[in-house]
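Let me begin by presenting the structure, written as C-alpha coordinates, before commenting on it.
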Amino acid sequence: MVLVLGSYVLPGINRELLLRPFHYASANQTALENYSNDVEEQCQDFALNLSCAKAYHSIRFITRVAMSPWESTKRKLPKLAELRKQEPHMFSLIPNRFLSSSENPCWYEEYRGNISADPYSSNAYALYSSRFRRLFEYLRKVFWKNLLWRGERCFRLRCLPHFYIIGQPKCGTTDLFNRLSLHPAVRFSLIKEPHWWTRKRFGIIRLRDGFSNRYPIEDYLDLFDLAAHQVHGPQHINNGTDNTMDNIIIGEASASTMWDNTAWTFFYSNTSSGEPPSLIQDFLHTFHSNAKFMVMLRDPTERLYSDYLYFAPANKSAEDFQEKVVESLQLFENCLQHYSLRACAYSASLNDAMPVRLQVGLYVIFLLDWLTVFPKEQLLVLKLEDHASNINYTMHLVFSFLNLGPVSKKQEEVITRIPASNARRAEDRSLGPMLNITKQILRDFHRPFNQKLAWLLQNDTFLW
(Lines give C-alpha, C1' and ligand atoms only; values in the text may rest on other atoms or scores of the structure.)
Protein backbone atom coordinates (compact mmCIF):
# COMPACT_ATOMS: atom_id res chain seq x y z
CA MET A 1 0.00 0.00 0.00
CA VAL A 2 1.33 3.42 -0.97
CA LEU A 3 0.44 6.42 1.21
CA VAL A 4 0.17 9.56 -0.87
CA LEU A 5 0.52 12.66 1.30
CA GLY A 6 -0.94 16.04 0.47
CA SER A 7 1.85 18.07 2.04
CA TYR A 8 4.11 19.88 -0.35
CA VAL A 9 5.41 23.16 -1.63
CA LEU A 10 2.66 24.70 -3.74
CA PRO A 11 3.16 23.12 -7.19
CA GLY A 12 2.71 24.81 -10.52
CA ILE A 13 0.89 27.89 -9.28
CA ASN A 14 1.61 31.05 -11.23
CA ARG A 15 0.24 34.57 -11.34
CA GLU A 16 -1.93 33.78 -14.34
CA LEU A 17 -3.56 30.85 -12.53
CA LEU A 18 -4.41 33.07 -9.59
CA LEU A 19 -6.34 35.35 -11.91
CA ARG A 20 -8.12 32.52 -13.70
CA PRO A 21 -11.59 31.87 -12.26
CA PHE A 22 -12.35 28.45 -10.87
CA HIS A 23 -15.06 26.49 -12.69
CA TYR A 24 -17.32 24.18 -10.76
CA ALA A 25 -18.74 21.06 -12.28
CA SER A 26 -22.36 21.27 -13.36
CA ALA A 27 -23.29 18.90 -10.56
CA ASN A 28 -22.31 21.56 -8.04
CA GLN A 29 -24.42 24.16 -9.82
CA THR A 30 -27.38 21.79 -9.70
CA ALA A 31 -26.79 21.12 -6.01
CA LEU A 32 -26.88 24.84 -5.32
CA GLU A 33 -30.13 25.29 -7.21
CA ASN A 34 -31.69 22.42 -5.27
CA TYR A 35 -30.68 23.70 -1.83
CA SER A 36 -33.98 25.46 -1.23
CA ASN A 37 -35.91 22.36 -2.31
CA ASP A 38 -33.82 19.98 -0.25
CA VAL A 39 -33.66 21.85 3.06
CA GLU A 40 -36.67 20.01 4.48
CA GLU A 41 -35.24 16.66 3.36
CA GLN A 42 -31.79 17.55 4.79
CA CYS A 43 -33.28 18.35 8.18
CA GLN A 44 -36.17 15.94 8.63
CA ASP A 45 -34.04 13.24 10.26
CA PHE A 46 -32.76 15.57 12.94
CA ALA A 47 -34.33 16.75 16.16
CA LEU A 48 -33.17 20.36 15.67
CA ASN A 49 -35.24 20.96 12.54
CA LEU A 50 -35.63 24.73 12.93
CA SER A 51 -31.94 25.22 13.61
CA CYS A 52 -31.05 23.10 10.61
CA ALA A 53 -33.40 25.02 8.34
CA LYS A 54 -31.87 28.35 9.42
CA ALA A 55 -28.40 27.01 8.73
CA TYR A 56 -29.22 25.87 5.20
CA HIS A 57 -30.92 29.14 4.42
CA SER A 58 -27.58 30.84 5.16
CA ILE A 59 -25.49 28.18 3.43
CA ARG A 60 -27.44 28.58 0.21
CA PHE A 61 -26.52 32.24 -0.04
CA ILE A 62 -22.94 31.76 1.19
CA THR A 63 -22.37 28.99 -1.35
CA ARG A 64 -23.59 31.20 -4.18
CA VAL A 65 -21.05 33.86 -3.19
CA ALA A 66 -18.25 31.29 -2.69
CA MET A 67 -18.91 29.82 -6.13
CA SER A 68 -18.66 33.20 -7.85
CA PRO A 69 -15.27 33.99 -9.49
CA TRP A 70 -14.08 36.18 -6.61
CA GLU A 71 -10.58 34.70 -6.81
CA SER A 72 -10.08 36.20 -10.29
CA THR A 73 -10.03 39.73 -8.82
CA LYS A 74 -6.46 40.45 -7.92
CA ARG A 75 -5.82 42.13 -4.59
CA LYS A 76 -4.44 45.64 -4.92
CA LEU A 77 -1.01 45.67 -3.33
CA PRO A 78 -0.08 48.70 -1.22
CA LYS A 79 2.80 50.92 -2.23
CA LEU A 80 5.92 51.11 -0.10
CA ALA A 81 5.13 54.71 0.82
CA GLU A 82 1.76 53.61 2.20
CA LEU A 83 3.37 50.93 4.38
CA ARG A 84 5.94 53.43 5.66
CA LYS A 85 3.18 55.83 6.55
CA GLN A 86 1.38 53.15 8.55
CA GLU A 87 4.44 52.02 10.53
CA PRO A 88 7.12 54.77 10.46
CA HIS A 89 8.89 53.57 13.62
CA MET A 90 9.18 50.03 12.34
CA PHE A 91 10.75 51.22 9.12
CA SER A 92 13.17 53.48 10.99
CA LEU A 93 14.46 50.56 13.05
CA ILE A 94 14.71 47.70 10.54
CA PRO A 95 17.46 48.31 7.95
CA ASN A 96 17.21 47.79 4.20
CA ARG A 97 20.15 45.39 4.17
CA PHE A 98 21.14 42.55 6.47
CA LEU A 99 24.36 40.71 7.25
CA SER A 100 25.13 38.62 4.20
CA SER A 101 26.61 35.56 5.93
CA SER A 102 23.43 34.52 7.78
CA GLU A 103 20.21 33.00 6.43
CA ASN A 104 18.42 35.12 8.99
CA PRO A 105 17.73 38.83 8.50
CA CYS A 106 20.22 40.07 11.12
CA TRP A 107 21.98 43.39 11.67
CA TYR A 108 24.07 45.15 14.29
CA GLU A 109 22.33 47.89 16.24
CA GLU A 110 24.23 50.26 18.50
CA TYR A 111 23.20 49.84 22.13
CA ARG A 112 22.75 53.20 23.81
CA GLY A 113 21.20 52.06 27.06
CA ASN A 114 22.72 52.26 30.51
CA ILE A 115 25.08 49.31 30.77
CA SER A 116 24.27 48.89 34.45
CA ALA A 117 20.48 48.80 33.91
CA ASP A 118 18.15 45.96 32.96
CA PRO A 119 17.81 46.08 29.15
CA TYR A 120 14.42 44.35 29.35
CA SER A 121 12.87 46.37 32.18
CA SER A 122 10.25 47.95 29.92
CA ASN A 123 9.61 45.02 27.58
CA ALA A 124 5.84 44.56 27.40
CA TYR A 125 6.14 40.79 27.06
CA ALA A 126 8.28 40.63 30.21
CA LEU A 127 5.76 42.75 32.11
CA TYR A 128 2.81 40.63 30.98
CA SER A 129 3.30 37.58 33.22
CA SER A 130 5.62 36.13 35.84
CA ARG A 131 6.42 33.21 33.53
CA PHE A 132 7.64 35.58 30.84
CA ARG A 133 9.59 37.60 33.42
CA ARG A 134 11.51 34.46 34.39
CA LEU A 135 12.48 33.94 30.76
CA PHE A 136 13.69 37.51 30.46
CA GLU A 137 15.62 37.19 33.71
CA TYR A 138 17.84 34.63 32.02
CA LEU A 139 18.21 36.88 28.98
CA ARG A 140 19.31 39.74 31.22
CA LYS A 141 22.06 37.62 32.76
CA VAL A 142 23.61 36.75 29.39
CA PHE A 143 22.94 40.07 27.66
CA TRP A 144 26.16 41.91 28.48
CA LYS A 145 28.59 39.21 27.43
CA ASN A 146 27.00 39.12 23.99
CA LEU A 147 27.57 42.78 23.19
CA LEU A 148 30.14 43.66 20.55
CA TRP A 149 32.45 46.47 21.63
CA ARG A 150 34.17 48.80 19.20
CA GLY A 151 36.15 51.31 21.20
CA GLU A 152 33.70 53.00 23.55
CA ARG A 153 30.67 51.99 21.48
CA CYS A 154 28.83 48.70 21.85
CA PHE A 155 26.49 46.87 19.50
CA ARG A 156 23.93 44.10 19.80
CA LEU A 157 22.94 41.65 17.11
CA ARG A 158 19.31 42.00 16.12
CA CYS A 159 17.48 39.33 14.10
CA LEU A 160 14.08 38.70 12.56
CA PRO A 161 12.96 35.15 11.76
CA HIS A 162 14.02 33.36 8.60
CA PHE A 163 10.84 31.26 8.65
CA TYR A 164 7.37 31.39 10.16
CA ILE A 165 4.76 28.78 11.06
CA ILE A 166 1.76 30.97 10.24
CA GLY A 167 -1.30 28.82 10.84
CA GLN A 168 -3.80 27.56 11.37
CA PRO A 169 -4.92 27.35 15.02
CA LYS A 170 -5.95 23.87 16.19
CA CYS A 171 -4.26 22.32 13.17
CA GLY A 172 -1.14 20.90 14.80
CA THR A 173 1.14 23.95 14.76
CA THR A 174 2.23 23.34 18.37
CA ASP A 175 3.25 19.78 17.55
CA LEU A 176 5.20 20.97 14.50
CA PHE A 177 6.85 23.68 16.60
CA ASN A 178 7.89 21.25 19.34
CA ARG A 179 9.39 18.74 16.92
CA LEU A 180 11.17 21.34 14.82
CA SER A 181 12.59 22.92 17.99
CA LEU A 182 14.56 19.70 18.53
CA HIS A 183 16.56 20.15 15.33
CA PRO A 184 20.07 21.30 16.34
CA ALA A 185 20.14 24.06 13.70
CA VAL A 186 16.77 25.63 14.59
CA ARG A 187 16.04 28.32 17.17
CA PHE A 188 12.65 29.88 17.88
CA SER A 189 11.53 33.06 19.56
CA LEU A 190 11.61 33.11 23.36
CA ILE A 191 7.80 32.78 23.37
CA LYS A 192 6.19 30.27 21.00
CA GLU A 193 3.40 32.58 19.81
CA PRO A 194 4.27 36.29 20.17
CA HIS A 195 1.29 37.30 17.98
CA TRP A 196 3.13 40.55 17.39
CA TRP A 197 2.35 41.11 13.73
CA THR A 198 -1.35 40.42 14.22
CA ARG A 199 -2.17 41.73 17.69
CA LYS A 200 0.52 42.99 20.05
CA ARG A 201 1.75 45.77 17.76
CA PHE A 202 -1.81 47.11 17.88
CA GLY A 203 -2.12 46.72 21.66
CA ILE A 204 -4.35 43.63 21.57
CA ILE A 205 -3.47 41.33 24.46
CA ARG A 206 -6.63 39.24 24.49
CA LEU A 207 -9.26 39.94 21.89
CA ARG A 208 -12.07 40.02 24.41
CA ASP A 209 -10.30 42.70 26.50
CA GLY A 210 -10.00 45.38 23.83
CA PHE A 211 -6.88 47.50 23.38
CA SER A 212 -3.99 48.39 25.69
CA ASN A 213 -0.60 49.97 25.01
CA ARG A 214 0.95 48.91 21.72
CA TYR A 215 4.03 46.68 21.87
CA PRO A 216 6.89 48.39 19.98
CA ILE A 217 9.01 46.52 17.45
CA GLU A 218 11.92 46.56 19.95
CA ASP A 219 9.95 44.32 22.32
CA TYR A 220 9.34 41.82 19.52
CA LEU A 221 13.01 41.83 18.49
CA ASP A 222 14.00 41.13 22.10
CA LEU A 223 12.29 37.74 21.77
CA PHE A 224 15.00 36.67 19.33
CA ASP A 225 17.97 37.79 21.43
CA LEU A 226 18.75 34.30 22.71
CA ALA A 227 18.67 32.96 19.15
CA ALA A 228 20.84 35.87 18.01
CA HIS A 229 23.38 35.07 20.72
CA GLN A 230 23.65 31.56 19.29
CA VAL A 231 23.79 32.77 15.70
CA HIS A 232 26.74 34.98 16.65
CA GLY A 233 27.78 33.67 20.04
CA PRO A 234 30.56 34.68 22.46
CA GLN A 235 33.17 32.76 20.47
CA HIS A 236 32.64 35.23 17.60
CA ILE A 237 32.19 38.47 19.53
CA ASN A 238 35.82 39.51 19.71
CA ASN A 239 36.59 39.36 15.99
CA GLY A 240 33.17 40.80 15.01
CA THR A 241 33.51 39.90 11.34
CA ASP A 242 30.54 39.19 9.12
CA ASN A 243 31.80 35.78 8.03
CA THR A 244 31.58 34.04 11.40
CA MET A 245 27.82 33.43 11.65
CA ASP A 246 26.79 29.99 12.84
CA ASN A 247 24.57 27.93 10.55
CA ILE A 248 21.43 28.43 12.64
CA ILE A 249 18.03 29.50 11.35
CA ILE A 250 15.46 31.37 13.43
CA GLY A 251 11.72 30.73 13.40
CA GLU A 252 8.49 32.07 14.84
CA ALA A 253 5.21 30.19 15.26
CA SER A 254 2.25 32.51 15.84
CA ALA A 255 -0.73 30.61 14.43
CA SER A 256 -2.62 33.88 13.85
CA THR A 257 -0.20 35.22 11.23
CA MET A 258 -1.88 33.65 8.21
CA TRP A 259 -5.40 34.88 8.80
CA ASP A 260 -5.77 37.55 11.52
CA ASN A 261 -5.75 41.04 10.00
CA THR A 262 -8.79 42.27 11.90
CA ALA A 263 -7.04 45.10 13.77
CA TRP A 264 -6.56 47.17 10.62
CA THR A 265 -9.99 48.78 10.89
CA PHE A 266 -9.03 50.51 14.14
CA PHE A 267 -5.71 51.96 12.99
CA TYR A 268 -5.58 52.35 9.23
CA SER A 269 -7.77 54.26 6.82
CA ASN A 270 -10.97 52.45 6.00
CA THR A 271 -11.68 51.61 2.39
CA SER A 272 -14.98 51.83 0.57
CA SER A 273 -14.80 48.10 -0.15
CA GLY A 274 -14.36 47.18 3.51
CA GLU A 275 -11.18 45.24 2.65
CA PRO A 276 -7.91 45.96 4.47
CA PRO A 277 -5.56 48.26 2.50
CA SER A 278 -2.58 46.18 3.62
CA LEU A 279 -1.94 42.77 5.14
CA ILE A 280 0.74 41.32 7.40
CA GLN A 281 2.47 39.66 4.46
CA ASP A 282 2.96 43.05 2.78
CA PHE A 283 5.17 44.15 5.67
CA LEU A 284 6.99 40.82 5.92
CA HIS A 285 7.76 40.84 2.20
CA THR A 286 9.05 44.40 2.39
CA PHE A 287 11.49 43.57 5.17
CA HIS A 288 12.49 40.03 4.17
CA SER A 289 11.36 38.93 0.73
CA ASN A 290 13.21 35.59 1.09
CA ALA A 291 11.36 34.49 4.22
CA LYS A 292 9.74 31.05 4.23
CA PHE A 293 6.31 30.12 5.56
CA MET A 294 4.73 26.88 6.70
CA VAL A 295 1.00 26.28 7.00
CA MET A 296 -0.61 23.32 8.74
CA LEU A 297 -4.25 22.68 7.77
CA ARG A 298 -6.85 20.11 8.77
CA ASP A 299 -10.47 19.32 7.94
CA PRO A 300 -12.05 22.72 8.70
CA THR A 301 -15.16 21.11 10.17
CA GLU A 302 -13.12 19.21 12.77
CA ARG A 303 -10.88 22.25 13.27
CA LEU A 304 -13.86 24.39 14.25
CA TYR A 305 -15.12 21.93 16.85
CA SER A 306 -11.64 21.59 18.33
CA ASP A 307 -11.37 25.38 18.38
CA TYR A 308 -14.69 25.64 20.20
CA LEU A 309 -13.73 23.04 22.82
CA TYR A 310 -10.39 24.75 23.45
CA PHE A 311 -11.53 28.37 23.65
CA ALA A 312 -15.14 28.25 24.89
CA PRO A 313 -15.08 29.47 28.51
CA ALA A 314 -17.87 27.36 30.03
CA ASN A 315 -21.06 25.34 29.51
CA LYS A 316 -19.66 23.52 26.50
CA SER A 317 -21.76 20.85 24.80
CA ALA A 318 -22.44 19.48 21.34
CA GLU A 319 -25.84 21.17 21.44
CA ASP A 320 -24.32 24.53 22.36
CA PHE A 321 -21.83 24.17 19.52
CA GLN A 322 -24.71 23.53 17.12
CA GLU A 323 -26.46 26.73 18.19
CA LYS A 324 -23.27 28.77 17.87
CA VAL A 325 -22.57 27.39 14.40
CA VAL A 326 -26.04 28.36 13.15
CA GLU A 327 -25.75 31.84 14.67
CA SER A 328 -22.34 32.32 13.09
CA LEU A 329 -23.61 31.22 9.68
CA GLN A 330 -26.41 33.78 9.89
CA LEU A 331 -23.96 36.53 10.83
CA PHE A 332 -21.62 35.53 8.00
CA GLU A 333 -24.49 35.57 5.52
CA ASN A 334 -25.54 39.01 6.73
CA CYS A 335 -22.02 40.34 6.16
CA LEU A 336 -21.96 38.94 2.63
CA GLN A 337 -25.22 40.73 1.88
CA HIS A 338 -23.27 44.00 2.12
CA TYR A 339 -19.57 43.27 1.62
CA SER A 340 -17.23 41.07 -0.38
CA LEU A 341 -16.05 37.65 0.71
CA ARG A 342 -12.56 39.01 1.48
CA ALA A 343 -14.00 41.92 3.48
CA CYS A 344 -16.01 39.52 5.63
CA ALA A 345 -13.06 37.17 6.11
CA TYR A 346 -11.05 40.10 7.54
CA SER A 347 -13.90 41.88 9.32
CA ALA A 348 -13.17 42.80 12.93
CA SER A 349 -16.83 43.37 13.78
CA LEU A 350 -17.86 40.02 12.32
CA ASN A 351 -14.97 38.27 14.04
CA ASP A 352 -16.09 39.72 17.38
CA ALA A 353 -19.75 38.91 16.79
CA MET A 354 -19.51 35.27 15.67
CA PRO A 355 -19.56 32.89 18.65
CA VAL A 356 -17.35 30.41 16.72
CA ARG A 357 -14.53 31.33 14.35
CA LEU A 358 -15.92 30.21 11.01
CA GLN A 359 -13.59 32.47 9.04
CA VAL A 360 -10.43 30.70 10.21
CA GLY A 361 -11.38 27.63 8.14
CA LEU A 362 -11.68 29.57 4.86
CA TYR A 363 -8.13 28.59 4.01
CA VAL A 364 -8.23 29.36 0.30
CA ILE A 365 -8.98 33.06 0.86
CA PHE A 366 -5.89 33.55 3.00
CA LEU A 367 -3.57 31.40 0.89
CA LEU A 368 -4.49 33.29 -2.25
CA ASP A 369 -3.65 36.56 -0.53
CA TRP A 370 -0.27 35.24 0.58
CA LEU A 371 0.45 34.14 -2.98
CA THR A 372 -0.11 37.66 -4.27
CA VAL A 373 3.05 38.65 -2.38
CA PHE A 374 5.28 35.59 -1.95
CA PRO A 375 6.12 33.02 -4.66
CA LYS A 376 4.86 29.47 -4.30
CA GLU A 377 8.35 28.13 -3.56
CA GLN A 378 8.37 29.97 -0.22
CA LEU A 379 5.18 28.39 1.13
CA LEU A 380 4.89 24.84 2.40
CA VAL A 381 1.35 23.54 2.97
CA LEU A 382 0.96 20.58 5.32
CA LYS A 383 -2.05 18.55 6.40
CA LEU A 384 -2.52 17.51 10.00
CA GLU A 385 -4.07 14.24 8.87
CA ASP A 386 -0.90 13.41 6.92
CA HIS A 387 1.33 14.55 9.76
CA ALA A 388 -0.49 12.36 12.27
CA SER A 389 -0.20 9.27 10.06
CA ASN A 390 3.43 9.72 9.00
CA ILE A 391 5.38 12.13 11.20
CA ASN A 392 8.73 11.00 9.84
CA TYR A 393 7.75 11.92 6.28
CA THR A 394 6.35 15.31 7.31
CA MET A 395 9.45 16.29 9.26
CA HIS A 396 11.75 15.30 6.41
CA LEU A 397 9.61 17.44 4.14
CA VAL A 398 9.98 20.36 6.55
CA PHE A 399 13.74 19.88 6.87
CA SER A 400 14.10 19.85 3.10
CA PHE A 401 11.96 22.96 2.71
CA LEU A 402 14.11 24.84 5.22
CA ASN A 403 17.34 23.50 3.67
CA LEU A 404 18.33 21.93 6.97
CA GLY A 405 21.03 19.32 7.01
CA PRO A 406 20.30 15.71 7.95
CA VAL A 407 20.09 14.75 11.60
CA SER A 408 21.52 11.65 13.22
CA LYS A 409 19.42 8.53 13.59
CA LYS A 410 19.16 9.16 17.33
CA GLN A 411 18.07 12.78 16.83
CA GLU A 412 15.50 11.69 14.27
CA GLU A 413 14.03 9.18 16.71
CA VAL A 414 13.73 11.84 19.40
CA ILE A 415 12.05 14.27 16.98
CA THR A 416 9.55 11.79 15.60
CA ARG A 417 8.73 9.79 18.73
CA ILE A 418 7.86 12.47 21.28
CA PRO A 419 4.15 12.40 22.20
CA ALA A 420 1.76 14.53 20.17
CA SER A 421 1.43 18.06 21.54
CA ASN A 422 -1.68 19.97 22.54
CA ALA A 423 -3.98 16.96 22.36
CA ARG A 424 -7.63 17.39 23.37
CA ARG A 425 -8.10 17.72 27.12
CA ALA A 426 -9.79 14.89 29.01
CA GLU A 427 -12.74 17.05 30.05
CA ASP A 428 -13.29 18.02 26.43
CA ARG A 429 -13.03 14.45 25.21
CA SER A 430 -15.80 13.54 27.63
CA LEU A 431 -18.18 15.80 25.69
CA GLY A 432 -17.96 13.47 22.71
CA PRO A 433 -18.11 14.40 19.03
CA MET A 434 -20.23 17.13 17.49
CA LEU A 435 -23.79 16.26 16.50
CA ASN A 436 -24.22 14.59 13.11
CA ILE A 437 -26.45 17.45 11.99
CA THR A 438 -23.73 19.97 12.87
CA LYS A 439 -21.11 18.01 10.97
CA GLN A 440 -23.30 17.86 7.86
CA ILE A 441 -24.07 21.58 8.05
CA LEU A 442 -20.40 22.48 8.36
CA ARG A 443 -19.33 20.13 5.59
CA ASP A 444 -21.85 21.75 3.26
CA PHE A 445 -20.68 25.20 4.32
CA HIS A 446 -17.00 24.40 3.76
CA ARG A 447 -17.46 22.42 0.54
CA PRO A 448 -17.15 25.26 -2.02
CA PHE A 449 -14.14 26.72 -0.20
CA ASN A 450 -12.45 23.32 0.01
CA GLN A 451 -13.06 22.75 -3.69
CA LYS A 452 -11.31 25.99 -4.55
CA LEU A 453 -8.50 25.08 -2.15
CA ALA A 454 -8.04 21.71 -3.88
CA TRP A 455 -8.01 23.55 -7.22
CA LEU A 456 -5.40 26.01 -5.97
CA LEU A 457 -3.15 23.29 -4.54
CA GLN A 458 -3.94 20.85 -7.38
CA ASN A 459 -4.62 18.13 -4.85
CA ASP A 460 -8.02 16.55 -4.19
CA THR A 461 -7.03 15.38 -0.71
CA PHE A 462 -7.84 18.90 0.44
CA LEU A 463 -11.51 18.28 -0.32
CA TRP A 464 -11.88 16.45 3.01
Side-chain angles (χ1 to χ4, degrees), residues 93 104 106 109 111-148 154-165 169 173-209 211-235 237 246 248-257 310-311 414-415 418-423 425:
L93 200 69
N104 309 289
C106 297
E109 173 186 287
Y111 182 72
R112 295 185 172 89
N114 187 334
I115 61 172
S116 63
D118 180 358
Y120 305 108
S121 60
S122 62
N123 186 288
Y125 286 100
L127 298 174
Y128 177 69
S129 73
S130 57
R131 180 171 66 89
F132 291 172
R133 282 193 291 275
R134 288 193 295 271
L135 295 173
F136 277 95
E137 176 65 19
Y138 174 77
L139 273 185
R140 184 186 64 78
K141 292 178 180 179
V142 300
F143 179 81
W144 306 111
K145 68 179 181 180
N146 285 284
L147 290 177
L148 173 66
C154 61
F155 299 82
R156 65 192 297 188
L157 186 67
R158 288 293 209 179
C159 294
L160 283 168
H162 170 62
F163 72 92
Y164 299 78
I165 300 173
T173 58
T174 298
D175 190 76
L176 178 60
F177 164 84
N178 286 337
R179 295 180 194 280
L180 191 51
S181 298
L182 296 175
H183 193 288
V186 172
R187 300 293 183 272
F188 277 98
S189 52
L190 192 65
I191 298 167
K192 185 242 173 185
E193 293 191 89
H195 295 297
W196 187 81
W197 291 99
T198 55
R199 298 168 188 169
K200 300 300 190 294
R201 69 184 173 112
F202 301 105
I204 300 174
I205 310 303
R206 288 188 296 265
L207 294 174
R208 65 179 181 271
D209 295 337
F211 294 92
S212 62
N213 293 330
R214 301 177 71 172
Y215 286 32
I217 180 69
E218 292 91 338
D219 290 4
Y220 178 63
L221 293 174
D222 286 348
L223 300 180
F224 303 100
D225 274 3
L226 186 59
H229 298 339
Q230 296 175 60
V231 167
H232 199 190
Q235 67 272 26
I237 290 298
D246 283 341
I248 288 173
I249 61 172
I250 301 174
E252 200 251 71
S254 299
S256 61
T257 305
Y310 189 82
F311 290 108
V414 171
I415 291 171
I418 61 172
S421 303
N422 218 9
R425 296 169 296 210

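In Y138, the OH atom is not crowded: 12 or fewer heavy atoms of neighbouring residues, nucleotides or ligands sit closer than 6.0 Å. Other residues, nucleotides and ligands contribute more than 12 heavy atoms inside 6.0 Å of the CG atom of N114.
Put simply, CG on N104 and CZ on R187 are 11.0 Å apart, with the number rounded to the nearest 0.5 Å. To the nearest 0.5 angstrom, I248 atom CD1 is 10.5 Å from C106 atom SG. Note: R156 CZ to N146 CG = 10.5 Å, rounded to the nearest 0.5 Å. How far CD of E109 is from CG of L148: 13.0 Å, rounded to the nearest 0.5 Å. In this structure, CG on L139 lies 6.0 Å from CG on D225, to the nearest 0.5 angstrom. To the nearest 0.5 angstrom, R112 atom CZ is 10.0 Å from C154 atom SG.
Contact record, I250 with C159: CD1-CB, 3.7 Å, taken as the closest heavy-atom pair. Between A117 and W144, the shortest heavy-atom contact is O-CZ2, 2.9 Å. Contact between P419 and D175 at its shortest, heavy atoms only, is O-OD1, 4.0 Å. Taking all atoms of both residues into account, the shortest heavy-atom contact from I415 to R179 is O-NH1, 2.9 Å. In terms of heavy-atom proximity, A255 sits nearest to E193 at N-OE1, 2.8 Å. Taking each heavy atom of T257 and T198 in turn, the nearest pair found is CA-CG2, 3.7 Å.
Ring planes of Y220 and W196: parallel class, angle under 30° (limits at 30 and 60°).
A salt bridge links R140 to E137: one of the charged nitrogens lies within less than 4.0 Å of a carboxylate oxygen.
Between the side chains of Y120 and D219, no donor-acceptor pair of N or O atoms lies under 3.5 Å.
No donor-acceptor distance shorter than 3.5 angstrom exists from the side chain of R201 to the backbone of Y215, with no hydrogens or angles considered. The main-chain N or O of P169 is never found under 3.5 Å from a side-chain atom of T173 such that the two would form a donor-acceptor pair. Listed for the S189 side chain is a donor-acceptor partner under 3.5 Å among the backbone atoms of I191.
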Checklist entry - Taking it one step at a time, do F163 and L180 satisfy side chain to side chain contact (heavy atoms under 4.5 Å, CB included)? => result CA-CA 12 Å; F163 72 92; L180 191 51; 3.6 Å; yes

Item to check | F155 and Y111: CA distance, side-chain angles, deciding distance, side chain to side chain contact (heavy atoms under 4.5 Å, CB included) verdict | outcome: CA-CA 5 Å; F155 299 82; Y111 182 72; over 6 Å; no

Item to check | Derivation and outcome, side chain to side chain contact (heavy atoms under 4.5 Å, CB included), residues T174 and N178 | outcome: CA-CA 6 Å; T174 298; N178 286 337; 3.7 Å; yes

Next on the checklist: One pair to check against side chain to side chain contact (heavy atoms under 4.5 Å, CB included): L226 and L135. What are the steps and the verdict?
Outcome noted: CA-CA 10 Å; L226 186 59; L135 295 173; over 6 Å; no

Indicate every side-chain donor-acceptor pair of residues 126-133 with a distance under 3.5 Å to a residue at least two apart or in another chain.
{"unit_1": "Y128", "atom_1": "OH", "unit_2": "R206", "atom_2": "NH1", "d": "3.1"}
{"unit_1": "S129", "atom_1": "OG", "unit_2": "F132", "atom_2": "N", "d": "3.2"}
{"unit_1": "R133", "atom_1": "NH1", "unit_2": "L127", "atom_2": "O", "d": "3.3"}

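Side-chain contact check for W197 versus S254: every heavy-atom pair is 4.5 Å or farther apart.
Partner of P194 under the side chain to side chain contact (heavy atoms under 4.5 Å, CB included) criterion, out of K200, E252, R199: E252 alone.
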